[in-house]
Amino acid sequence: MKKTGAEILLECLKKEGVKHIFGYPGGVVLNIFDALYDDKDLKLVLTRHEQGAVHAADGYARASGKVGVALVTSGPGATNTVTGIANASMDSVPIVVFCGQVPTMLIGNDAFQEADIVGITRPCTKYNYLVKDVKDLAHTVREAFHIASTGRPGPVLIDLPKDVSAGKADFVWPKDIRIQSYNPTYEGNRRMIKQAANEMVRAKKPVIMAGGGVIISEASKELTELAKAVNAPVTTTLMGLGCFPGTHRLSMGMLGMHGTYCANMAVQNSDLLIGIGVRFDDRVTGRTSSFAPDARIIHIDIDPTSIRKNVRVDTPIVGDVKRVLKEMLKDIKQDAEKKRGTDSKKPWVKQVDRWQKERPLTYRYDKKLIKPEFVVEKIYELSKGNAIICTEVGQNQMWAAQFYKYDKPRRWLSSGGLGTMGYGFPAAIGAQFARPNDLVVDIAGDGSIQMNIQELATAVINKLPVKVAILNNGYLGMVRQWQELFYRGRYSHTNLGGGPDFVKVAEAYGAIGLRATRPEEVEPVLKKAFKIKDKPVFMDFVVDWKEKVYPMVPAGAAIDEMLFDEEEKPKKKRKTKK
Amino acid sequence: MRHTISIHVENKFGVLSRVSGLFSGRGFNIESLSVGETTDPKVSLMTIVTTGDDQIIEQITKQLNKLIDVIKVIDFTGIEHVEREMVIVKITPKKDDRAEALRLAEIFRGRIVDSGPMTYTVEITGDENKIEAFVEIMKNFGIKEFVRTGKAAIARERIRKT
């Protein structure tokens, strides 16, 4: 029996194990929404903006490890997804976005609500399709999910003209998918792995730098084993938070622009840097010519283009992190020098501990003013480290990265590469759908929460107990911080001039609004919020607006040239290796 | 340094745009580009000439390989290969120079493919040096129009010594 394109699409989604679609209807997707009307198995979550739908699908994917799905209409519906898609692309998140398109005969005619979304999203998707014939639909969907979720994952977009979703064809689900020109490398080169293992055992001052690739590859266990086996301290990138237990004795926390003193010093003084599932972003490396000047660099990543893109690499290994680490562990265990190698690193681990004690992450508690770091610490304490933390972008994001310890993967959802304000709240909604029984907290700023605040309606209607902790300082805090430090305090357009009353906003949407203005109110507000199970909660924490994120590496400086609280002078420059 | 890169791609719409978008999006430059179908109608072959230091060329070839529609990438640098390009030139020699123009075209193994009362249209094929030299000489007669195809390249067969 023949099915319509819309019916075929829904069948395909079910075959792919999809349960939730985040979407927004419109003229040219009516066929699909009509098919959804009677469907019992697929839940469409109606967001209030297409950007919210894509971020929600992204949050869903990060929290669950599955592919997130969004469905929107053509033209403005499609163009509204672009930020969400670019965001998922930078952070390697598997999502599939379906856009409606005007009928094929009208494409190119500047029809109503027409946009060349395939052209627009070409550079920010892993791949995209325009389906021109309903017979190609099932195959295309199968391919799209395959491409999105394998290799280095990423967003895939499918453009569906209205006549394709209306057209009829037999539903044939391809058993097997093989794309001649798409063959990600999973197995690392044996010789390189052996060499890397050898180097790690013999290094005196190694540092492991782990990133989002470890989480995607689900290699946390192997990473932890590796760190123990060679006795190497571990730092994670922003994207890697949670891939190695933040409370582990070998954990140094995050590195880079707002990384810990310890992590940055360790990287700069190491003799061997092992980058695992990282891409050496500029926020991590600072000035690349002075990055890890004395270290040999091993780089393990599934994406060959990541290797040698930003920093020199001595031992490149292209492959799936989990498989590579497994092989590497075998080699290390068989190494006759293993015991001696581990012992020889003891002074280094001690030195790392000294750095940790010398300048730990800290802030000055105040009796009258709420410090934003204090709020994050309290969230950590009261959630016992078990919450899924989403963030917006800016100071809130950095404090959430610094003062919450992530022991497990997929509990840290943050826009790392693109730095998208307005990501956290819709992502939290997606995460709550993926993990209905977990506590999901969005740590937000008063600027960024307003970028997708309309999703409160989505959370209320779906009875999602998402918690939003707004660190309300009245400013676009991170930009203000740069203005204070580098633009002589000229606060050009960063004062938000008194935002809305967030408690009233929450209440107007039918959510719960709470406020704390004094430090002693923080804990009661959080406790009250965490008890609410059927509604979203906005917590308005009125915080010290002067607080800045430290340490800070100024843009273009080496990562050991950090600024600390009280405008301390940057540390003396290290000589760089010629 | 100048590199000639040949790229086997899926013969689908949008692929050229993906390849050229990769170059423009990352600030790489394309000097010459030619595209054509191969013996397999599902596969097209692009030949791109680009310049860059080793790191840039490494990035270009890796990024090209990463594109889903790209099947194979060959950088001909360091590989024995044959490179050819065709140009068609419409020259306007003065009446007295017409014979001389023909003779020079002959020397370069050029072919006259059209002629008008005031013009000759000459087709010539060769590697870059030959083409540059030819164009330089033809300038003396006055060039009215000029079109070049972009390069095509193919590896030389290795001769095995037994």
Side-chain angles (χ1 to χ4, degrees), chain A residues 86 89 92 104 107-108 116-133 136 140 143-144 146-148 150-159 177-185 279-280 288-289 299 301-313 316 318, chain B residues 1 3 5-30 33 35-48 50 52-75 77-78:
Chain A
S89 177
S92 313
T104 40
I107 289 179
D116 173 16
I117 198 63
V118 171
I120 291 170
T121 59
R122 205 169 274 139
C124 62
T125 48
K126 184 168 174 188
Y127 198 62
N128 60 15
Y129 298 89
L130 168 64
V131 183
K132 282 182 157 174
D133 188 333
D136 299 332
T140 305
E143 254 188 43
H146 175 68
I147 289 174
T150 52
R152 177 177 173 181
V156 177
L157 179 139
I158 300 181
D159 205 14
I177 211 83
R178 194 164 291 148
I179 307 169
Q180 185 192 5
S181 49
Y182 174 69
N183 301 296
T185 309
R279 59 185 177 87
F280 292 99
T288 46
S289 59
H299 190 181
D301 199 88
I302 197 156
D303 179 2
T305 65
S306 288
I307 288 169
R308 292 205 189 98
K309 183 164 68 182
N310 300 328
V311 297
R312 74 203 147 75
V313 174
V318 177
Chain B
M1 197 184 149
H3 289 248
I5 298 170
S6 100
I7 312 157
H8 292 257
V9 297
E10 301 274 350
N11 189 2
K12 290 194 239 173
F13 67 89
V15 176
L16 175 61
S17 165
R18 285 180 207 280
V19 172
S20 63
L22 186 154
F23 277 78
S24 62
R26 294 181 187 270
F28 305 143
N29 185 37
I30 295 180
L33 165 73
V35 194
E37 225 176 59
T38 62
T39 48
D40 178 353
K42 284 194 215 138
V43 179
S44 295
L45 180 69
M46 294 185 185
T47 309
I48 288 184
T50 184
D53 59 26
D54 288 353
Q55 200 227 346
I56 289 176
I57 298 295
E58 183 182 337
Q59 264 301 307
I60 289 176
T61 50
K62 280 179 173 176
Q63 293 285 357
L64 284 169
N65 268 310
K66 192 173 154 185
L67 288 181
I68 308 271
D69 291 318
V70 169
I71 301 162
K72 194 164 80 175
V73 179
I74 306 163
D75 179 358
T77 312

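Protein chains get the first letters and strands the later ones, always in sequence-line order, with residue 1 at the start of each.
Proximity to chain A is limited to the side chain of Lys12(B), based on heavy atoms less than 4.5 angstrom apart. Only the side chain of Glu58(B) comes within less than 4.5 Å of a heavy atom of chain A; its backbone N, CA, C and O stay farther away. In this structure, the portion of Leu67(B) lying under 4.5 Å from any heavy atom of chain A is its backbone and not its side chain. In this structure, the portions of Ile307(A) lying under 4.5 Å from any heavy atom of chain B include both its backbone and its side chain.
Closest approach of Tyr129(A) to Val118(A), counting heavy atoms only: O-CG2, 3.6 Å. Between Pro155(A) and Cys124(A), the closest heavy-atom pair is CG-O, 3.6 Å.
Distance check: Asn65(B) CG to Ile71(B) CD1 gives 11.5 Å after rounding to the nearest 0.5 Å.
Residues of residues 37-47 of chain B lying within less than 4.5 angstrom of chain A, judged on heavy atoms, are absent.
Side chain of Glu143(A) to main chain of Ile177(A): no donor-acceptor pair is present (N/O by atom type, distance under 3.5 Å, no hydrogens or angles).
Annotation: ring-ring contact (aromatic ring centres under 6.0 Å, His included) contacts of His146(A) (sequence neighbours excluded): Tyr182(A). Partners of Asn183(A) according to the side-chain contact (heavy atoms from CB on, under 4.5 Å) rule, which considers only residues two or more places apart in sequence or in another chain, do not exist here. Taking Arg122(A) as the reference, Ser17(B) meet the side chain to side chain donor-acceptor pair (under 3.5 Å) condition, with sequence neighbours excluded.
Inspection of the Thr61(B) and Asp75(B) side chains reveals no N or O donor paired with an N or O acceptor under 3.5 Å.
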